[in-house]
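As the structure lists them, so they are numbered: ligands from 1, and atoms in each ligand from 1. Throughout, residue positions are numbered sequentially from 1 according to the sequence presented. We use all heavy atoms of the structure for the numbers below, so side chains are in, but hydrogens, waters and symmetry mates are not.
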Amino acid sequence: MENKRGSWGSNIGFLLAAIGSAVGLGNIWGFPYKMGKSGGFTFLLVYLFLAIFVGLIIMASELALGRKTRKAPIAAYKAVSSKYSWLGWFAVLSPFLIMTFYSVLGGYCIYYVIINLIGLFGGMPDGSSFGAMLTSIPASIGVLLAFMAICFVIVAGGVSGGIEKFNKIGMPALFVMLLIIIVRALTLPNAVEGLKFMFIPGYAVAGGFIEEAPNLITVLGTAGGQMFFSLSLAMGAMITYGSYLGKEENLVKNSGIIVAADTIVALLAGIAVIPAAVANGINNGIPVNEIKLNGPGLLFKTLQDVFHNMGALGGVFGVIFYLLVLIAAISSAISLMEVLSAHFIDKAAENGKTLERKGVVLKVSAVITLIAILVAADGLGENGFAPAALLKAKVAGWNDCWLDFFDCWSEGIMMPLGAMLMALMIGGEIGPKVMLDEIHNGEHSPFFSKFYRFCVTYIVPAVMCLVLAGQLTDFFGNQIVSYIIAAVCFIIFSYHTLIPDWKKIDK
Ligand code: PFF
């Protein structure tokens with residue numbers, strides 16, 4: 001029967017799919033430059049702290065919530081909480097909004113694989129290809145459609161027949177390609193400057209890359225936002241993937257493996273990307289503070305220049321690199337699409353109806369594509385109809401272009417708020433024991449129980465409040481107002497969680 005819930009073929013298949021969801025553009029693009037711009041080593045330490053005390057906890061919670069309820073996010077939250085039953089909507093809306101731009105970026109990867117392939121036969125493209133692609137609306141939309149078609153085929157293939165299968169081949173291939181790129185990057189003259197930028201405390205400023213390192217609170221906000229996005233948390237993905245997992249699988253171990261693998265790949269990606277970009281800049285006489293290490297420019301402009309300048313084999317490395325980024329983008333995008341598709345399939349099943357997976361995935365893909373076409377045509381604000389241009393008012397980053405607009409709602413607001421509320425729900429409403437029972441499935445580890453209770457009750461809500469403030473500052477600019485809004489949200493929801501009869505008191 002088509003509407004029967006899928007399940008993973010094996011635990012390793014699940015792990016590769018979950019790692020595939022986590023490893024994406026966030027690792028290869030976001031992590032390296034955020035690490036560099038946030039003072040390198042300090043960022044790394046903060047990131048590791050957050051991954052262990054917050055990421056691991058939310059990862060185990062999401063997997064447990066999915067497996068306990070065997071449902072997609074909306075139904076899963078409804079099943080465990082009366083106060084936060086609506087939270088599932090965040091976990092469905094966010095993936096939808098993320099997909100509207102993630103798919104466009106995925107399309108860009110296809111474009112770059114193609115131009116590098118063509119470059120193998122002469123006329124290797126350079127960084128100027130980026131501007132040309134952004135302003136060519138048919139090209140941007142064409143590659144978007146191709147990316148969505150690939151994702152459609154995989155997700156329509158089912159949980160084990162499509163998603164698991166793709167990741168079983170894709171993840172090991174990605175790893176091997178990453179190693180090849182690392183070896184090439186580190187053998188470029190001056191690559192060591194890039195390593196210093198990443199790993200020596202204070203070198204980003206001392207080496208002249210940036211003027212001033214951000215303060216610790218800003219680093220915490222940046223690292224927290226990055227960690228959540230990178231681990232695919234608070235977007236329903238891990239709840240949905242957990243819902244297909246067997247009761248006998250060890251959730252603590254699985255969560256640890258996913259968090260560790262994602263962090264290792266992020267670091268490896270940094271080691272591949274930053275030294276190459278820095279070395280190429282220095283070797284071509286560009287002052288270090290002018291080497292573009294952040295934003296889309298790093299991936300699609302700076303690195304294309306690197307491959308352009310590599311000589312005869314540049315095209316080969318270009319193809320390998322953009323192919324690996326493309327695999328990472330696909331493996332993440334399919335998890336976002338699965339959240340949406342699972343929601344409709346489960347909802348129909350609840351009403352006793354049978355929905356064919358293919359049809360559901362087709363509709364989900366079509367709606368995403370319609371909105372993504374706007375993002376693609378906008379070309380990161382290059383083509384004159386970004387929200388800021390339409391409103392004739394530019395405020396910090398949220399309305400620069402349609403990509404930033406959708407990112408602001410999903411990654412900027414719903415993700416940190418959703419994670420904060422999830423922790424309040426577990427710590428204050430349903431109680432950590434309910435989640436721990438599922439995480440341990442009957443068999444308790446006293447150490448993890450204590451660690452989980454402490455983190456979910458105190459550390460996660462507090463850190464998420466700071467991350468929310470950091471994200472709001474990033475998108476809207478005013479730090480003081482952002483902190484006040486985050487604190488007000490925190491207080492209101494803590495009150496809402498802790499007062500048992502809120503509704504009665506209201507009346
Ligand atoms: N983790 C992905 C990345 O690092 O690019 C992005 C992502 C995928 C976020 C799936 C959220 C999600 F549910």
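In terms of protein heavy-atom proximity, atom 10 (C) of ligand 1 is closest to S232 OG, 3.3 Å. Of all protein heavy atoms, the one lying nearest to atom 4 (O) of ligand 1 is A22 O, 3.1 Å. The protein atom (non-hydrogen) at minimum distance from atom 12 (C) of ligand 1 is L336 CD2, 3.3 Å. Looking at atom 5 (O) of ligand 1, its nearest protein heavy atom turns out to be Y102 OH, 2.5 Å.
A side-chain donor-acceptor contact under 3.5 Å links N167 to the backbone of I163. One N or O on the side chain of S335 and one on the backbone of S332 form a donor-acceptor pair closer than 3.5 Å.
Looking at ligand 1, you'll find an N or O of S21 within less than 3.5 Å of one of its N or O atoms. Between V23 and ligand 1, a contact under 3.5 Å exists for no N or O pair. Residue L233 has no N or O atom closer than 3.5 Å to an N or O atom of ligand 1. Between F229 and ligand 1, an N or O atom pair is found at a separation short of 3.5 Å. For the pair L231 and ligand 1, the shortest N or O to N or O distance does not fall below 3.5 Å.
Side-chain N/O atoms of S341 and R357 include no donor and acceptor closer than 3.5 Å. N27 and D262 share a donor-acceptor pair across their side chains, judged by distance under 3.5 Å alone. Using modelled atom types and a 3.5 Å distance limit, the side chains of Y452 and S61 yield a donor-acceptor pair.
Residue S335 touches ligand 1 through its side chain alone, judged by heavy-atom distances below 4.0 Å.
Contact detail for V467 and G224: the closest heavy-atom pair is CG2-CA, 3.7 Å. Nearest approach of P95 to V339, heavy atoms of both residues: CG-CG1, 3.9 Å.
By the 4.0 Å heavy-atom criterion, P95 is excluded from the residues contacting ligand 1.
Counting non-hydrogen atoms of other residues, nucleotides and ligands closer than 6.0 Å to CZ of F49 gives a total above 12.
W86 and F90 have perpendicular rings, their planes meeting at more than 60° on a 0 to 90° scale where under 30° would count as parallel.
In the vicinity of S230, heavy-atom distances shorter than 4.0 Å reach the ligand 1 atoms 1 (N), 4 (O). Near A237, meaning under 4.0 Å from any of its heavy atoms, are these atoms of ligand 1: 13 (F). Ligand 1 places these atoms under 4.0 Å from at least one heavy atom of N27: 4 (O).
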